[in-house]
Amino acid sequence: MKVAALAYEQLTPAARAEANRLVRLNLGYPQWVAAIPDHQPKDVDRNTFVRAAVWADDI
């Protein structure tokens, strides 16, 4: 998870926007957002990206 968080910060703005768009397509996205306290837009995007990075571990 820490690697995903660091990687997210290194993305270009265009790559970050595309990653955010793709993460929002996941059916688990609403539950990931609901689990984040204080839904600030930047935090939601970063936290859902990190959650998506470990999503395969859940299935």
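Scope of the values below: all heavy atoms of this structure, side chains included, with no hydrogens, waters or symmetry mates.
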Can you name the residues that form a side-chain contact (heavy atoms from CB on, under 4.5 Å) with [X], not counting sequence neighbours?
X	answer
L27	none
A5	V50
L22	E18, L25

Checklist entry - Would you find a donor on one side and an acceptor on the other, under 3.5 Å apart, between the side chain of R51 and the backbone of M1? => result no
Item to check | Closest heavy-atom pair and its distance - Q10, R16 | outcome: N-NH2, 4.4 Å
Checklist entry - Between A4 and F49, which heavy-atom pair has the shortest distance, and what is it? => result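 It is O-CE2, 3.4 Å.
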Checklist entry - What residue among T48, N47, V44 forms side-chain contact (heavy atoms from CB on, under 4.5 Å) with W32? => result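 Only one of T48, N47, V44 forms a side-chain contact (heavy atoms from CB on, under 4.5 Å) with W32, namely T48.
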Checklist entry - Does a side-chain heavy-atom distance below 4.5 Å link N26 with Q31? => result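 SC-SC contact between N26 and Q31 ruled out.
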